[in-house]
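Chain A is the first sequence line, chain B the second, and so forth, proteins listed ahead of strands; every chain is numbered from 1.
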Amino acid sequence: MSRLRILADPIDPAQVEASVRGAAHGATACFTGIVRELADDGRSVSGLSYEAHAEMAVAEFERIAAEAIQYFGTCEIAVAHRVGNLAVGDVAVAVAVGAVHRSTALDACRYAIDQLKARAPIWKREMYADGSSAWRDNCPPDRQA
Amino acid sequence: MVVRVVTFARLRELLGFEWRAVTLAEGADASDAWAVLSADAPAIQSLRASTRFARNGRMVDADQALSDGDELALLPPVGGG
C-alpha cells in the first residue's frame with residue numbers, strides 16, 4: 001500500500017509512523033495535525049470538513065517527498081490526509097519520516113508538512129458552534145501553526 | 001469540443017456542481033471555459049485572480065489550449081493540513 005494517501009477513514013498516527021520504520025532507520029519524526037476547538041479568530045469550532053482533488057494531492061505528496069529526499073537525504077516518507085467531516089480532536093493529517101539520523105527525519109518532516117499546506121489541492125471548511133461556516137485558506141508559511 | 005470541468009470548495013458551492021460537461025469552441029483555453037461558467041454564475045467572477053487551473057491533473061496557465069475530453073479542474077486557494 002502506498003505511504004502517500006488521501007483517506008475518508010480515521011487516521012492512526014502510530015500506524016503512519018510504523019510504516020516508515022526499518023532496520024536501517026535510527027530515527028522517525030512525526031507530525032500530527034488535529035482539529036482544535038478554537039479558530040484563529042477565537043470563534044468556537046464544532047468541526048472541519050475537508051475535500052481534495054485526490055489524484056492531484058497524492059501526486060503533490062510524491063513531488064514533495066522527492067524534494068525532501070533531494071534536500072535532506074535518503075528517507076522514507078508517509079503522508080495521510082483526511083477528507084470528509086472531522087470533529088474536534090480528530091486527526092486531520094499525519095506525516096512521518098524514517099531516516100538513518102534524526103536531522104534528516106526532523107527536517108524532512110517539517111518540510112513535508114509545510115509544503116503540503118502550501119501546495120496540496122486540499123480545502124477546509126471550518127464549522128462553528130453558532131452554526132455558521134467558512135472556507136479557510138492557509139496562511140503564508142511564516143504564519144502557519 | 002467538450003471538456004469535463006471539476007470544481008472544489010467555494011467554487012463548487014457557487015457554481016452548484018461538482019463536475020459538468022462544458023462545450024467550448026475548438027482551440028478554447030482555460031480562461032474561455034471560465035468565461036462560459038462565470039456568465040452563468042457571476043458570483044465566481046471575483047474569485048478569478050485566486051483560481052488556478054489544472055488540465056488532466058497538471059497545473060496550467062489560463063491560456064493553455066484545451067482538447068476535447070480534457071478534465072479542467074478549477075482550484076481555489078488551498079487549505080489542507
Side-chain angles (χ1 to χ4, degrees), chain A residues 5-7 11 31-36 39-40 48-64 79-83 86 91-95 109-126 133-141 143-145, chain B residues 2-22 29-31 33-34 36-38 41-81:
Chain A
R5 296 192 289 165
I6 296 287
L7 296 171
I11 293 170
F31 171 83
T32 305
I34 302 160
V35 181
R36 59 191 154 84
D40 288 338
L48 300 179
S49 180
Y50 285 96
E51 63 185 82
H53 190 309
E55 287 178 25
M56 286 187 69
V58 169
E60 199 67 51
F61 296 166
E62 288 170 354
R63 281 189 286 272
I64 292 166
V79 176
H81 199 297
R82 276 291 304 275
V83 289
L86 281 71
V91 174
V93 58
V95 177
C109 187
R110 174 65 187 257
Y111 180 82
I113 184 60
D114 285 353
Q115 294 299 313
L116 179 157
K117 291 184 72 108
R119 292 159 50 181
I122 300 170
W123 297 273
K124 169 172 54 196
R125 191 186 246 299
E126 222 164 45
S133 65
W135 292 100
R136 302 301 294 185
D137 304 338
N138 283 337
C139 299
R143 289 184 54 209
Q144 283 179 0
Chain B
V2 177
V3 301
R4 175 184 164 94
V5 174
V6 298
T7 69
F8 297 92
R10 54 174 71 80
L11 284 170
R12 173 178 52 72
E13 292 181 342
L14 291 169
L15 285 162
F17 61 85
E18 289 183 22
W19 70 271
R20 176 178 286 176
V22 175
D29 60 22
S31 64
W34 178 272
V36 168
L37 295 167
S38 62
I44 70 169
Q45 286 172 5
S46 65
L47 302 177
R48 171 65 188 86
S50 64
T51 299
R52 295 180 303 156
F53 302 101
R55 178 193 182 205
N56 300 327
R58 292 178 180 274
M59 306 299 299
V60 294
D61 291 332
D63 61 359
Q64 168 77 56
L66 302 173
S67 299
D68 187 54
D70 279 353
E71 178 195 272
L72 177 67
L74 310 183
L75 310 173
V78 299

query = Looking only at heavy atoms, what is the nearest atom pair of A:M56 and B:L75, with distance?
reply =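 Here A:M56 and B:L75 meet closest at CE-CD1, 4.0 Å.
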
Measure the shortest side-chain to side-chain distance between [X] and [Y] over non-hydrogen atoms and say whether it is less than 4.5 angstrom.
X: A:R119; Y: B:M59; result: no
X: A:E51; Y: B:E18; result: no
X: B:V78; Y: A:H53; result: no

ask   = Quick one: does A:H81's side chain have a donor or acceptor within less than 3.5 Å of a partner on B:G80's backbone?
value =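 Side chain of A:H81 to backbone of B:G80, a donor-acceptor pair under 3.5 Å: no, none is there.
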
query = Any sub-3.5 Å donor-acceptor pair from A:Y50's side-chain atoms to B:G79's backbone N or O?
reply =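 A pair under 3.5 Å: no.
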
Can you tell me which portion of [X] sits under 4.5 Å from chain B's heavy atoms? Options are side chain, backbone, both or neither.
X: A:A120; value: backbone
X: A:R136; value: backbone
X: A:A52; value: backbone

ask   = When you look at CD of A:E55, are more than 12 heavy atoms from neighbouring residues, nucleotides or ligands closer to it than 6.0 Å?
value =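 No, not enclosed.
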
query = Just wondering, more than 12 heavy atoms not from B:R58 lying within 6.0 Å of its CZ?
reply =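 Open: at most 12 neighbouring heavy atoms sit under 6.0 Å from CZ of B:R58.
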
inquiry  = Would you call the rings of A:W123 and B:F8 parallel, tilted or perpendicular, taking 30° and 60° as the class edges?
reply    =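 Geometry flag for B:F8 against A:W123: parallel rings.
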
task = Examine whether an atom of B:A73 lies under 4.5 Å from a heavy atom of chain A, and if so say whether it belongs to the side chain, the backbone or both; otherwise answer neither.
result =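 Contact with chain A: side chain only.
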
